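Every chain is numbered from 1 and lettered A, B, ... according to where its sequence line falls, protein lines coming before strand lines. Only a predicted model underlies this, so the values are computations on that prediction, with no experimental measurement involved.
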There are 2 protein chains.
Amino acid sequence: MAMSEKFKDKKVIMIGTVCELTGLSARKIRYYEERGLLFPGRSSAGNRKYSFSDIEALMEIANQLEDGTKTNEIKKELKRKNM
Amino acid sequence: MAMSEKFKDKKVIMIGTVCELTGLSARKIRYYEERGLLFPGRSSAGNRKYSFSDIEALMEIANQLEDGTKTNEIKKELKRKNM
DNA sequence: CGTGTAAGGAATTCTGACACG
DNA sequence: CGTGTAAGGAATTCTGACACG
């Protein structure tokens, strides 16, 4: 598992599809990005593109928010993991 | 490998993205569908949704067409495989 | 047969903002 | 703080058709 054609990490899914897959509103998804919790790609026209990994992350973020965790704390957690 | 969350087979990619990934025109991609060579899903609004598997199939189809194979023949081949 | 294109409409996405709290 | 919504614009996708061959 190094560099390759990992379908799971390819950013190719548009926000509308992500909404269907996660049950989250586009507003929420964009807000989590604004808060630095995920980093979708962009099409040439500026449209967001997500990967299946992003979708999994979104589900996790939604769960944590339901538990009362602040976006700020979720972000700190993320930093810890990526070290 | 039975029923599960196979990212590779999830139909979530819109045609514009497929064009970028394959280098094929939307016209070609829709035509191959019309000829029965692949079966994308559809969003609620009627927009085509492709999987990574569909994209791989498209690359293969494009190669065969370049070699002079007719869509009709490619379709027959497909039938043979799916038996 | 395989593919380009102009045509018109419908649906999507984008951003910045006001709202509530 | 997290999220809904109306606002206006820009880009996407869809279908059926004419074109060439």
Query raised in the report: Of the nucleotides C/dT13, D/dT3, C/dT3, which has the atom closest to the A/Leu65 side chain?
Result: D/dT3
Report summary line: Nearest-nucleotide check on DNA chain C, B/Thr69 vs A/Ala26; residue mapping nearer the 5' end is B/Thr69
Query raised in the report: D/dG9 P sits how many Å from A/Asn47 CG, rounded?
Result: 18 Å
Query - Test item: side-chain donor near acceptor, A/Ser51 and A/Asp9, under 3.5 Å - result: no
Query raised in the report: Between atom CE in B/Met14 and atom P in D/dT12, what is the gap in whole Å?
Result: 11 Å
Report summary line: Re D/dG2: Watson-Crick or G-U wobble partner, both distances kept under 3.5 Å, found to be C/dC20
Report summary line: When rounded to whole Å, the CD to C1' distance for the pair B/Glu33 and D/dT15 reads 12 Å
**Report entry** Selection from C/dG2, D/dA11, D/dT13 that lies nearest to any side-chain heavy atom of B/Arg35
**Finding:** C/dG2
Query raised in the report: Heavy atoms under 4.0 Å, any strand shown: does B/Ser44 hit a base, just sugar-phosphate, or nothing?
Result: nothing
**Report entry** Lys/Arg-Asp/Glu bridge criterion (N-O < 4.0 Å) met for B/Glu60, B/Lys81
**Finding:** no
**Report entry** Side-chain N or O of A/Ser25 closer than 4.0 Å to phosphate OP1/OP2 of D/dG4
**Finding:** yes
Report summary line: Whole-Å distance, A/Lys75 NZ to D/dG2 P, equals 12 Å
Query raised in the report: Is there a donor and acceptor pair, one atom on the side chain of B/Arg48 and one on the base of D/dT13, closer than 3.5 Å?
Result: no
Requested in this report: Could you state the atom-to-atom distance from CD of A/Glu34 to P of D/dG4 in whole Å?
Outcome: 14 Å
Query raised in the report: Nearest of D/dG4, C/dT13, C/dG2 to any side-chain atom of B/Lys70?
Result: C/dG2
Query raised in the report: Measuring from B/Leu37:CG to B/Ile74:CD1, what's the distance to the nearest 0.5 Å?
Result: 6.0 Å
Query - Integer-rounded Å distance: D/dC14 C1' and B/Ile29 CD1 - result: 14 Å
Query raised in the report: Picking from D/dT13, C/dC14, C/dT3, which would you name as closest to the side chain of B/Tyr32?
Result: C/dT3
Query raised in the report: How many angstroms lie between atom CZ of B/Phe7 and atom CZ of A/Phe7, to the nearest 0.5 angstrom?
Result: 12.0 Å
Query raised in the report: Looking only at N and O atoms, is any donor in the side chain of A/Arg30 or the base of C/dT15 less than 3.5 Å from an acceptor on the other one?
Result: no
Report task. Would you tell me if any nitrogen or oxygen in the side chain of A/Tyr31 comes within less than 4.0 Å of OP1 or OP2 on D/dT3? Result -> no
Query raised in the report: OG1 of B/Thr22 to CG of B/Asp54: how many Å apart, nearest 0.5 Å?
Result: 11.0 Å
Requested in this report: Could you tell me which nucleotide pairs with C/dG8 by Watson-Crick or G-U wobble geometry, both distances under 3.5 Å, or answer none if nothing does?
Outcome: D/dC14
Report task. For the side chain of B/Arg27, starting at C-beta, report the closest nucleotide among D/dT5, D/dG2, D/dA17. Result -> D/dA17
Query raised in the report: Counting side-chain heavy atoms from C-beta on, which of C/dT3, C/dC14, C/dG2 comes nearest to B/Thr71?
Result: C/dG2
Query - Spacing between A/Glu20 atom CD and C/dT13 atom C1', to the nearest angstrom - result: 14 Å
Query raised in the report: Nearest of C/dG4, D/dG2, D/dC14 to any side-chain atom of B/Arg42?
Result: D/dC14
Query raised in the report: To the nearest 0.5 Å, what is the distance between CD1 (A/Ile15) and OG (A/Ser25)?
Result: 8.5 Å
Report task. Whole angstrom is fine here: how far is it from CD in B/Glu73 over to C1' in C/dG2? Result -> 14 Å
**Report entry** Proximity to the side chain of A/Ile15 - top-ranked nucleotide from C/dC14, D/dC14, C/dG4
**Finding:** C/dC14
